[in-house]
S.K.: 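Provided herewith is a single structure, encoded as structure tokens, for subsequent inquiry.
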Amino acid sequence: MTRRTVVIVDDHAMFRTGVRAELGGSVDVVAEAADVDEAVRAVLEHQPEVVLLDVHLPGGGGAEVMRRCGLAHGPATSGSPTRFLALSVSDAAEDVIGTIRAGARGYVTKTITGPELVAAIERVAGGDAVFSPRLAGFVLDAFAGTIEVAAVDEDLDRLTEREREVMRLIARGYSYKEVGAELFISIKTVETHMSSVLRKLQLSSRHELTRWASDRRLL
Amino acid sequence: MSQTPSPAAALAPRRAYRSGTDRWLGGVASGLAEHLGLPLLWVRLGFVALVAFGGFGVVLYGALWMFLPADRQLTPVSPGLDAATRQGKRGGRPQRRLTDFGPLVAVGAIAVGVLLFLTLATGRTLSYGPLLLAGAGVAVLWWQADEAQRARWRDPSGRMGPLRAIVGGGGWRAWLRIVAGLMLLIAAIVLFSLRSGSLTVALNVGLAAAFGIVGLGFMVGPWLLRLSYDLSEEREARVRSEERADVAAHLHDSVLQTLALIQRSADDPATVNRLARAQERDLRSWLFDADEEGPTTLAAALRAVAAEVEDAHPVHVEVVCVGDAPVTEEDRPLVLAAREAIGNAARHSGAGTVDVYAEATPTGVEIFVRDRGTGFDPTRVAEDRQGLRSSIIGRMERHGGSASVRSIPGEGTEVRLSLPNRTTTQETP
């Protein structure tokens, strides 16, 4: 398998060095950047498959990087092959959900181990979403009170019962494989559910989520 | 507000504010609705209905607009997020344009109301011109005062010179407002005095008024000046020294001590790991938790339990909570059972991470404790093993809940605790 190309964006040089060392030979780190301007330049120049993006970044934060890269490329889904994986020491709800809404495919905290990080990069590069238990918890919180199976078809904005089950299992610490086994579905189906939750989170204008977001000044 | 007020909030007197977010005119109606706990629509309709009574609604609205302080819109943000925002590391959260035409409209409305009232009461038509002009002038000045007040709130340094106290951070706009307001006032005085017909009388009245204002300024001005300087300097110094003391104390107490301990036990990875984890947890809660008031909620109680286990065993306990509920005496067994389950996982499973997931819904609370350790066969647990049988399952059943254990040797264990909500009256949003 070819090694994934990765750009590391973080304003702490020590942390960048640490991540680079931990990733070791598993991925190809093509560039590093310490602020928003550098990051946008590096991403546009190297066109990496995955950007490890710090959430708190001088010059406007990680969301700004995604916005400007998105502007240069058109919609993230069509133009650029680059995908963003947020990596942050902050696990405040508003940062996590804000970053996902800005276009990141996943969110992991900086305490993640090397092998887990490599696996997450692989998953994001493959177009899937990466949800840590904590992120899954936040998602459930954000969509809270939207469990009415009967109304699912009319309202695309709410989580389906199945997606909620998947989210709950992820929040309970299950791996994708274990979620699949628990619900008698394939890993591929689990991944489909995750992607659809991610899409809903990014596009949703549903009342609960909007209120949740505006309470935290995300809108 | 449907949340149970914290003890501290319950003691403080409830004050009404003008809402800054949900408003048509000045946020009076929504502020009042929130204060009185009435639906917003009722309050708005009430004001409209009162207008029918000789414009009383308008006058009332205007008066409340003037006397109710504006909502500060200061949501408590954790120090870490706050600092990151100030340094531009979090992206600009949308700054609300602080245009508040409130006082302008309010004073105008009051003026109209008073004039109408006077006209109706006395049956004489007063000269509206000068009064309206004066009203407009006062309104513009008032508006500026409002803006200056907001500017002071937003000012991070807290420095407040007398000029700044009046002008705020508004630049030419602020000056324009002040000059326009004063001009309108002067014009009103001149116009009023001109009604007597003679220009000399008009001039005299105008001059007298002007001298009066200037004299008052001379008398009160220096005193105000000194007062505001003293206040702002004292406040600034106090805030700065308090902040520095807090940061220094915290760093000294926790980080330095931990670093010292880590150096002393550098050859023991397990201890170093445990110390680093405890320190990380501590700093993280200090930086990213907005004021949490003690372990009075389920999430806080579980985090405290997890911290205890992390301190005692070399494991990482990941706590994820969805929803939250106040911890009542009835919930104690649940927390204790969860603690036993987490402790078991840390002691016996051999896994490096324990995942704890709690979900609080109106119907009850569910907690899952999961590890990926050695696992065991639940049917073959010895009778004398008290931990699982009595501390977890027995305890939950005694208190009206339930507990189940699922374990596969080699794949890990999951304990599920659930406690239905018996106090249904609690949930009245």
Side-chain angles (χ1 to χ4, degrees), chain A residues 10-11 35-36 54-67 88-96 98-99 102 109-111 113 116 131-145 147 164 167-175 178 181-182 214-219, chain B residues 21-22 73 75 77-78 80-85 87-96 276-277 280-281 283-284 287-290 299 316-324 345 351-362 366-372 406 408 411-412 414-416 429:
Chain A
D10 195 297
D11 55 331
D35 61 33
V36 169
D54 192 9
V55 171
H56 294 171
L57 206 60
E64 178 71 10
V65 176
M66 288 185 267
R67 196 184 63 81
S88 174
V89 76
S90 155
D91 48 14
E94 48 266 59
D95 280 347
V96 178
T99 306
T109 49
K110 283 182 178 175
T111 45
T113 63
E116 280 175 331
F131 282 47
S132 61
R134 192 167 292 274
L135 174 54
F138 288 145
V139 171
L140 284 171
D141 246 344
F143 281 99
I147 8 162
R164 228 182 86 82
M167 278 289 121
R168 287 186 79 204
L169 287 172
I170 297 283
R172 277 158 64 180
Y174 282 57
S175 70
E178 290 164 332
E182 177 76 20
S214 72
D215 280 352
R216 288 163 173 75
R217 305 273 165 83
L218 291 177
L219 292 182
Chain B
T21 45
D22 185 13
Q73 299 182 14
T75 37
V77 176
S78 66
L81 295 187
D82 218 17
T85 310
Q87 293 162 25
K89 291 187 180 181
R90 288 185 75 221
R93 66 181 34 174
Q95 285 281 340
R96 268 163 227 283
R277 196 167 281 143
E280 187 205 327
R281 194 173 56 231
L283 275 183
R284 188 181 286 283
L287 275 176
F288 294 119
D289 288 353
H316 173 59
V317 183
E318 172 87 17
V319 181
V320 175
C321 292
V322 171
D324 206 351
T353 306
V354 180
D355 282 293
V356 179
Y357 171 71
E359 187 170 6
T361 59
E366 262 188 310
I367 299 180
F368 296 87
V369 178
R370 173 175 167 88
D371 68 68
R372 287 227 183 75
R406 210 169 60 164
I408 302 167
E411 285 186 25
E414 185 170 56
V415 179
R416 172 180 174 279

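Sequence lines set the chain letters: A, B, ... in the order given, protein chains first and strands last, and positions in each chain run from 1.
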S.K.: Report the C-alpha distance between A:Glu182 and B:Arg370 in whole Å, list the side-chain angles of each, state the deciding distance to 0.1 Å, and finish with yes or no for salt bridge (Lys or Arg N to Asp or Glu O under 4.0 Å).
M.R.: CA-CA 14 Å; A:Glu182 177 76 20; B:Arg370 173 175 167 88; over 6 Å; no

S.K.: Would you give the length of the straight line joining atom CD1 of A:Ile170 to atom OH of B:Tyr357, rounded to the nearest 0.5 angstrom?
M.R.: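 Result: 11.5 Å between the selected atoms.
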
S.K.: So which residue, B:Glu318, B:Glu280, B:Glu414, ends up with the most heavy-atom pairs under 4.5 Å with chain A?
M.R.: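 Of B:Glu318, B:Glu280, B:Glu414, B:Glu414 has the most heavy-atom pairs under 4.5 Å with chain A.
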
S.K.: Where does A:Ser175 contact chain B at under 4.5 Å (heavy atoms): side chain, backbone, both or neither?
M.R.: both

S.K.: Please state whether the side chain, the backbone, both or neither of A:Asp35 comes within less than 4.5 Å of a heavy atom of chain B.
M.R.: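 Contact with chain B is absent: no heavy atom of A:Asp35 under 4.5 Å.
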
S.K.: Enter the distance from A:Arg134:CZ to B:Asp355:CG here, rounded to the nearest 0.5 Å.
M.R.: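 Reported value, rounded in 0.5 Å steps: 10.0 Å.
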
S.K.: Using non-hydrogen atoms and a 4.5 Å limit, figure out which bit of B:Val319 sits close to chain A: side chain, backbone, both or neither.
M.R.: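 For B:Val319, the backbone is the part near chain A, not the side chain.
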
S.K.: Between B:Arg372 (side chain) and A:Gly173 (backbone), is there a donor-acceptor pair under 3.5 Å?
M.R.: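 Flag set: sc B:Arg372 to bb A:Gly173 pair under 3.5 Å.
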
S.K.: Go through A:Arg172 and B:Glu366 one step at a time and tell me if the salt bridge (Lys or Arg N to Asp or Glu O under 4.0 Å) criterion holds.
M.R.: CA-CA 11 Å; A:Arg172 277 158 64 180; B:Glu366 262 188 310; over 6 Å; no

